[in-house]
Amino acid sequence: MSHIFNFSFSMKIQRIALNLTIMDQTLLDTFKRNSHRVVELIFKSTGDDTIVEGKTISTSDHAAAGYMYIDYHIPEIIGKVLSIHKGIDNYYLMDPHIELTNRTALIASGVSNYIMEKLYGKAELVKKAVVLPQNEFIDSINMLNRLSTKDKIDDVLFFMHLSNTVNQDKRTYTSHDIINRFRYIWSAFNALYEVTTTANGDKASIVQFSKKRDVIAFINSGYCREYLDSLKSANLELRNSNNVSLKLKDALHNNNNEAVSENALLCAYAIRNSNFHGTNDETTAYCRIGYELIHSLIKFYLPIF
């Protein structure tokens, strides 16, 4: 059942000064996408930066689609406009602050704030410091020494390290940061499955890796359930309309643990393909879930590698 969601948003464009109120419907329609449209758009210069304020209307089964529209599509259009402007070669779009103005529609749609925040990057990003006991740190050093004899392990750990150096400060964190984190962690995973499988090609190697007993156990554990619930509804596809989200949903329904493991990792592979091959669509919005699944899987697998 479709619901009408009204949103307001604001975002900052750094290093651009612009004062403009767009009222022309033809111009506003530039930002339209499917059942989502902008009804108000105002640019206010603060000197060296510009604050963009707007209102949108989304008709969808769930509010998350409206969040995605504002979080990804609107900044994308603004960025494209700035990119083709002859006098502009340096700007920075910060992720928008989004508010749902008709909360009753959210309740009616049955989608929790937590799921939306987890999927679309609005969760708390600055975490408290981890208290690391001395013995655990020493254990990690010993594990690194043990792993250093393994082929390609330097590549795995190097890209894991890079994924942790990407900006995670909630005050400046953007969609591009989570895309970069996902790309780095996928490179780490790529190095891992290359050295632990014998199949030819990425997809075949991922499928073979998914069939490892320990991997099946981890993917089907309660730890991963949240990720699986998100991915099964993501409508992720590989070539030839191979909907791996639907296959994951069926596998979960049938309690087929091996198929769950395979299709969960193929969902992450679909996200990877979207990013690495330049396909700019809603799949990008699932980079957070893809990152968390693959990162946790690698962390689990390294001690038994």
Side-chain angles (χ1 to χ4, degrees), residues 114 117-118 121 123-173 177-199 202 205-231 257-258 260-269 271-272 286-305:
Y114 177 77
E117 290 175 349
K118 199 66 177 176
E124 185 76 14
L125 295 170
V126 175
K127 299 179 180 180
K128 294 181 179 179
V130 176
V131 178
L132 185 59
Q134 294 179 355
N135 63 309
E136 291 185 10
F137 186 70
I138 292 172
D139 288 344
S140 294
I141 294 176
N142 290 329
M143 185 170 73
L144 176 61
N145 288 330
R146 179 180 65 81
L147 290 173
S148 64
T149 62
K150 304 287 186 179
D151 186 32
K152 301 273 291 186
I153 194 61
D154 280 345
D155 291 341
V156 177
L157 297 178
F158 172 71
F159 284 109
M160 285 188 72
H161 163 66
L162 288 184
S163 75
N164 287 318
T165 63
V166 175
N167 175 35
Q168 298 175 58
D169 189 329
K170 70 174 182 179
R171 296 164 297 181
T172 57
Y173 191 85
D177 293 316
I178 189 56
I179 291 172
N180 286 334
R181 289 197 87 191
F182 176 75
R183 288 189 172 196
Y184 283 139
I185 205 63
W186 187 269
S187 295
F189 183 47
N190 194 151
L192 181 61
Y193 66 67
E194 272 190 4
V195 76
T196 55
T197 62
T198 57
D202 286 323
S205 297
I206 292 165
V207 170
Q208 187 180 99
F209 186 85
S210 75
K211 296 185 184 302
K212 294 179 179 294
R213 182 180 61 183
D214 292 318
V215 173
I216 292 173
F218 178 76
I219 296 293
N220 285 275
S221 67
Y223 183 88
C224 292
R225 187 68 200 201
E226 177 188 321
Y227 310 142
L228 301 181
D229 286 342
S230 299
L231 293 172
N257 290 352
E258 185 173 316
V260 167
S261 180
E262 175 180 331
N263 287 289
L265 293 187
L266 289 179
C267 281
Y269 182 52
I271 299 170
R272 175 265 185 201
Y286 289 94
C287 282
R288 175 182 296 281
I289 298 298
Y291 169 83
E292 292 181 354
L293 174 64
I294 297 302
H295 182 260
S296 61
L297 174 60
I298 296 175
K299 294 272 281 189
F300 161 79
Y301 193 79
L302 283 178
I304 60 176
F305 181 26

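Here the OH-SG distance, from Y286 to C267, works out to 10.0 Å after rounding to the nearest 0.5 Å. Note that the CG atom of L231 and the CG atom of L266 stand 11.0 Å from one another [nearest 0.5 Å]. Atom CD1 of I178 sits about 9.5 Å away from atom OG of S163, to the nearest 0.5 Å. Once rounded to the nearest 0.5 Å, the distance linking CG of N257 with NZ of K211 reads 12.0 Å. Interatomic distance, N220 CG to F218 CZ, rounded to the nearest 0.5 Å: 11.0 Å.
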Pair I219-L228, side chain to side chain contact (heavy atoms under 4.5 Å, CB included): steps then yes or no: CA-CA 8 Å; I219 296 293; L228 301 181; 4.1 Å; yes
Test salt bridge (Lys or Arg N to Asp or Glu O under 4.0 Å) applied to R181 and D177, step by step: CA-CA 6 Å; R181 289 197 87 191; D177 293 316; over 6 Å; no
Side chain to side chain contact (heavy atoms under 4.5 Å, CB included) evaluation trace for M143 with D139: CA-CA 6 Å; M143 185 170 73; D139 288 344; over 6 Å; no
Criterion side chain to side chain contact (heavy atoms under 4.5 Å, CB included) on V207 and L265, from CA distance to verdict: CA-CA 8 Å; V207 170; L265 293 187; over 6 Å; no
CA sep, side-chain torsions, deciding dist, call: F209, L297, side chain to side chain contact (heavy atoms under 4.5 Å, CB included): CA-CA 11 Å; F209 186 85; L297 174 60; 3.9 Å; yes
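At distances below 3.5 Å, at least one donor-acceptor pair connects side-chain atoms of S296 with backbone N or O atoms of E292. With D155 contributing its side chain and A191 its backbone, the two residues share no donor-acceptor pair below 3.5 Å. Formation of a donor-acceptor pair under 3.5 Å by the S261 side chain with backbone atoms of S210 is found in this model.
Using the six-membered ring where Trp is involved, F189 and Y193 have ring planes that are perpendicular, over 60° apart on the 30 and 60° scheme.
The two residues F182 and Y291 make their nearest non-hydrogen contact at CD1-N, 3.5 Å. Between L302 and L147, the shortest heavy-atom contact is O-CD2, 3.6 Å. For the pair A264 and L293, the tightest heavy-atom approach, listed with the atom from each and the gap, is O-CD2, 4.0 Å. Here the closest heavy-atom approach between residue T196 and residue K212 is recorded as O-NZ, 3.0 Å. Pairing each heavy atom of I271 with each of C287, the nearest pair is CG2-SG, 4.0 Å.
In this view, R146 satisfies the salt bridge (charged side-chain N to carboxylate O under 4.0 Å, His left out) rule with no residue, not counting sequence neighbours. By the salt bridge (charged side-chain N to carboxylate O under 4.0 Å, His left out) test, D202 is found to be paired with R272, residues two or more places apart in sequence or in another chain being considered.
Tested against L157, the residues I298, L144, L162 include a single side chain to side chain contact (heavy atoms under 4.5 Å, CB included) partner, L144.
Environment of NZ in K299: sparse, with no more than 12 heavy atoms of neighbouring residues, nucleotides or ligands closer than 6.0 Å.
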